[in-house]
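Note sheet for the following structure.
Computed from a predicted model, the values in this text were never measured in an experiment.
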Amino acid sequence: MNQAGVNEKYKVSPFYVFFLVHSMQTGVGVLSFQRLLAKSAGTDGWISILLAGLIVHILIWVIYKIFSIVPGDIISANNQAFGKWIGNFFSLLFILYFLIIGMDIMISYINVIHVWMFEEVASWAFTVVFLILIYYINTGGFRTITGIAFLGVILTYWLLFVLFYAMKYSDFTNLLPVFHHTLLDILKGTRSTSLSMLGFEMIVMYYPFIKDAKTSQKYAHGGALTTTLITVFVYLVSVVFYSQKQLELTIWPTLTLTSIVELPFIQRFEYIDVSWWAIVIIPNMTIAFWAASRGFKRIFNVQQKYPLWGMSIIILLINIFVFDIDSLYILNKIIDPYGVLFIALYLPLLLVIIYIKKMRKRK
């Protein structure tokens, strides 16, 4: 029996899955992914991005295939495949993964704010502001979260045009040579890009909140494709703007690139860029924490506000006592490779197990 049933009035149209997927994939990683990718694949990094995008499309297909067999969310699918106790164990791993993703996004963005704007302001002060805002949005329900994701995409697309400003300072010969890296280098680049491509997997929690969910698959693929193409564009602009060595040494290439913009009425354009980026980051954090708290609600049958309170307290304590660049490094090391491998390997395995069980029942 599907216990993830959702009242029709709380559901969103399939079209909005495009924005849910795209907004979740577009986050802090866009500001810094070029450095590691340049070290691995250099001018062939765009191939690594396309390969990462292809893997994302395959995993989205796997997710929709799972829910075509087992209606509901990942909690229902895990229980169907492994039974209640083992299934809940794997569901708790997903909840922990969602929580770590949300923490990583928040700490990464606060780190950017510290370096570029407000070095003297304590990290916990920003954390309190974000946690209050995230809690307020979450109490509005999933439709409110979807609206924030929609606005996060629509209101920030103008930032892409800022990158064209760098074209007059670019050297397009930096794109050469092409296809001179080995397959192993390309695969290493794909792994470097994976952190920037994550977020699509939140579908496993909000699938029951989509009207006629099966029809939303094309929009999920559309959102992932848009993210892939934008990531390729940002990387190519970075390659032609920086030299190879500069790109490998610059921590936030996208932000550093926008700092060259000069306007008569604005001296430091990157302040606008960093501030406006909050509109991109807030849906990231909100969806991740909603997915984690929704998982707790499904497993332990509690009101969703209680796990939200608990997670907020944990995150605040972490930011008060252990926030530094090392904590961010640790979170990134948990997600890559363990989180990436968990998603990439577990979902296909889950599909195989569910499919085998379905065949046995037919026999």
Side-chain angles (χ1 to χ4, degrees), residues 19-34 97-119 121-138 140 144-160 162-163 195-202 206 223 226-227 230-231 234 251-258 269-293 308 311-312 315-316 318-319 323 325 327-328 331-332 335 339:
F19 298 96
L20 288 167
V21 171
H22 181 41
S23 68
M24 192 63 210
Q25 284 186 297
T26 308
V28 181
V30 177
L31 304 178
S32 59
F33 76 95
Q34 302 98 311
Y97 168 78
F98 296 147
L99 177 58
I100 291 174
I101 286 285
M103 289 173 56
D104 183 69
I105 294 168
M106 181 179 292
I107 294 176
S108 297
Y109 184 59
I110 292 174
N111 188 40
V112 171
I113 296 174
H114 268 159
V115 173
W116 287 83
M117 295 181 68
F118 303 111
E119 184 178 357
V121 180
S123 62
W124 63 264
F126 293 114
T127 303
V128 169
V129 173
F130 283 131
L131 289 175
I132 292 173
L133 184 57
I134 290 167
Y135 181 79
Y136 178 73
I137 295 171
N138 270 297
T144 302
I145 295 171
T146 303
I148 295 296
F150 174 80
L151 290 175
V153 172
I154 298 299
L155 295 179
T156 55
Y157 255 93
W158 69 271
L159 291 173
L160 284 175
V162 176
L163 298 177
L195 283 174
S196 303
M197 304 295 283
L198 290 175
F200 67 92
E201 68 279 3
M202 301 294 168
Y206 60 71
T226 303
T227 303
I230 289 176
T231 306
V234 172
I251 298 177
W252 292 292
T254 307
L255 277 179
T256 305
L257 187 152
T258 58
F269 182 81
E270 64 270 21
Y271 283 6
I272 294 179
D273 201 2
V274 173
S275 302
W276 205 273
W277 207 256
I279 302 175
V280 177
I281 299 303
I282 288 170
N284 292 179
M285 297 184 290
T286 304
I287 294 172
F289 292 140
W290 175 88
S293 59
L308 270 174
M311 289 187 297
S312 298
I315 294 167
L316 182 58
I318 289 174
N319 276 273
F323 178 85
I325 197 66
S327 62
L328 181 59
L331 285 175
N332 285 332
I335 299 172

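The line from CD1 of Ile105 to CE of Met24 is 4.0 Å long, rounded to the nearest 0.5 Å. Considering CD1 of Ile251 and OG1 of Thr256, their distance stands at 8.5 Å, rounded to 0.5 Å. For the atom pair Leu99 CG and Ser293 OG, the distance stands at 10.0 Å (nearest 0.5 Å). Within the model, atoms CG of Leu308 and CG of Asn138 stand 5.0 Å from one another, a figure rounded to the nearest 0.5 Å. Expressed to the nearest 0.5 Å, how far CG of Leu163 lies from OG1 of Thr254 amounts to 7.0 Å. Annotation: the span from Leu159 atom CG to Thr26 atom OG1 amounts to 11.5 Å, rounded to 0.5 Å.
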Cut-off 3.5 Å, no hydrogens considered: what does the side-chain donor-acceptor table look like for residues 145-152, sequence neighbours left out?
residue	atom	partner	partner atom	Å
Thr146	OG1	Phe142	O	2.9

Would you mind writing out the side-chain donor-acceptor pairs for residues 283-292 within the sub-3.5 Å range, not counting sequence neighbours?
residue	atom	partner	partner atom	Å
Asn284	ND2	Ser23	O	2.5
Asn284	ND2	Val280	O	3.4
Thr286	OG1	Ile282	O	2.7

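Judged by distance alone, with hydrogens and angles left aside, the side-chain atoms of Asn111 form no donor-acceptor pair with the main-chain N or O of Ile107 at under 3.5 Å. A side-chain donor-acceptor contact under 3.5 Å links Tyr109 to the backbone of Ala278. Side chain of Thr258 to main chain of Leu255: a donor-acceptor pair is present (N/O by atom type, distance under 3.5 Å, no hydrogens or angles).
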query = Between Ile110 and Phe130, does a side-chain contact (heavy atoms from CB on, under 4.5 Å) hold up when you go through it step by step?
reply = CA-CA 10 Å; Ile110 292 174; Phe130 283 131; 4.1 Å; yes
message = Pair Ile230, Tyr157 - check side-chain contact (heavy atoms from CB on, under 4.5 Å), show working.
response = CA-CA 10 Å; Ile230 289 176; Tyr157 255 93; 3.5 Å; yes
task = Test Val153 against Thr226 for side-chain contact (heavy atoms from CB on, under 4.5 Å), laying out the working first.
result = CA-CA 11 Å; Val153 172; Thr226 303; over 6 Å; no
request  = Test side-chain contact (heavy atoms from CB on, under 4.5 Å) on Phe269 and Val162 and set out the steps.
outcome  = CA-CA 10 Å; Phe269 182 81; Val162 176; 3.7 Å; yes
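A 6.0 Å sphere centred on CH2 of Trp116 holds more than 12 heavy atoms belonging to other residues, nucleotides or ligands. Under a cut-off of 6.0 angstrom, the local environment of CZ in Phe118 is sparse, with at most 12 non-hydrogen atoms contributed by other residues, nucleotides or ligands.
The heavy-atom pair separating Met106 from Thr127 by the smallest distance is SD-CG2, 3.8 Å. Shown here for His114 and Ala122, the closest heavy-atom pair between the two residues is NE2-C, 4.0 Å. Listed here is the closest heavy atom pair of Ser275 and Met117: OG-CE, 3.3 Å.
Considering only heavy atoms from C-beta on, Leu195 stays 4.5 Å or farther from Phe33 through its side chain. A heavy-atom distance below 4.5 Å is found between the side chains of Leu131 and Leu316. Side-chain contact check for Val274 versus Trp252: every heavy-atom pair is 4.5 Å or farther apart. Residues Trp277 and Val30 have side chains in contact (heavy-atom distance under 4.5 Å, counting atoms from C-beta outward).
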